[in-house]
Amino acid sequence: MTQHSERILMGPGPSNPYPAAIAVFTRPVLGHLDGEFIELLDDACERLRSVFRTSNALTFPVSGTGSAGMEAAFVNVVSVGDTVVVGVNGVFGQRMCDVAARCGASVVPVEAEWGTPLDPQRLLDAHPAPAVIAVVHAETSTGVRNDLAELGAAKGDALLVADCVTSLGGIDVRVDDWGVDIAYSGTQKCLGVPPGLAPISVSPRAVERILHRPRSWYLDIGMIADYVTGSGARAYHHTAPISMIYALHAGLGTVLDEGLEAAHARHQECGGLLQAGLEARGFELVAPAGARLPQLTSVRVPESRLPAATDEAGIRRELLHRYGIEIGGGLGAFAGKCWRIGCMGNTARPRNVTLVLAALDELLE
Ligand code: PLP
């Protein structure tokens, strides 16, 4: 849910002292090897360690959207013929299978009905010695949370890869405590930053398994590591997307100034209000209680309440044009069947919940 008139609550504050970050539109961007920029990059990486709750040295923003993070996670550790077990209960689990298969993996999908959470034991039992077990923590296509801790505790020699694109900043993500080996995210969801970067964190155990000359040049973490972590020369690999890193730095500062737990509580409060309000109006939520994401609520389209000659896409258009609220349609198998109402990052405010519920009251029979 995006309220178009909403001011982004980001800007100078205790964690955003860098003039470059504030004056991004008023003076030329810094160079990617400029000392001031390197300092800002280092600080952004340190902030990422805080939100991922990790001490992993190799934690940095991949240049590219969340899918680049997904691709970087697989291409750097999967060799041709490796077994990769993937939990699939939505579009992004399916995408993981596709990416792993393109890396040459023998993919073992472990499916759960869309709208229900994955069973960790079934993932653990799926193969005796997988190289990787991969799961989407917050499945954006269905609004379901898949738990990671049990997988991390029992993964054996496998690396645990977790897609945290929609979870980071919105619900608890504990990379170190849960034994996640590679976690990646995106900037545009609960971190409240424009799209364009994929924060990633790689455990020392996964670093040992990074391939020499993986099948991607651009996403070769081994080559990028020296530049981003400062472990070697800050030599050119590719030109860092400087303005995006300013934005990420500032956005993370806003999250950390609020406090990670306070940010999670705000998402929980707004998601709870929204879900209670929808249920009180007779909507059927897709995810079961206990596995619902507060930041992404998926509801079945209320076919019987659509006004005559209006389809679900028409209601979404009206929400956008009349009220300035954007909600998502269903993806993949859920296309046309459900709505996905995001209440994340800066939009997770009770007043937005009030607005979307009132707008639905006005638009539906
Ligand atoms: N993983 C999940 C869970 C997502 O929700 C998304 C995007 O919505 C992605 C991966 C891909 O991210 P991007 O669209 O930023 O490439």
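Remember, it's 1-based here, ligands and their atoms both numbered in the order they're listed.
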Worksheet item: Should L357 and L278 count as side-chain neighbours, where that means a heavy-atom distance under 4.5 Å?
Response: yes

Worksheet item: What orientation do W178 and H137 show, parallel under 30°, tilted 30 to 60°, or perpendicular over 60°?
Response: perpendicular

Item to complete: Taking only heavy atoms of the protein into account, state which residues are under 4.0 angstrom from an atom of ligand 1, in chain and number order.
Response: T65, G66, S67, F92, R95, V136, A138, T140, D163, V165, T166, Q188, K189

Worksheet item: CG of D157: more than 12 outside heavy atoms within 6.0 angstrom?
Response: no

Worksheet item: Should the pair Y218 and H238 be assigned to parallel (<30°), tilted (30 to 60°) or perpendicular (>60°) ring geometry?
Response: tilted

Fill in: L191 versus G169, closest heavy-atom pair with distance
CD2-CA, 4.2 Å

Item to complete: Going by the side chain to side chain contact (heavy atoms under 4.5 Å, CB included) test, name the single residue among V88, D82, D98, V86 that passes it with V107.
Response: V86

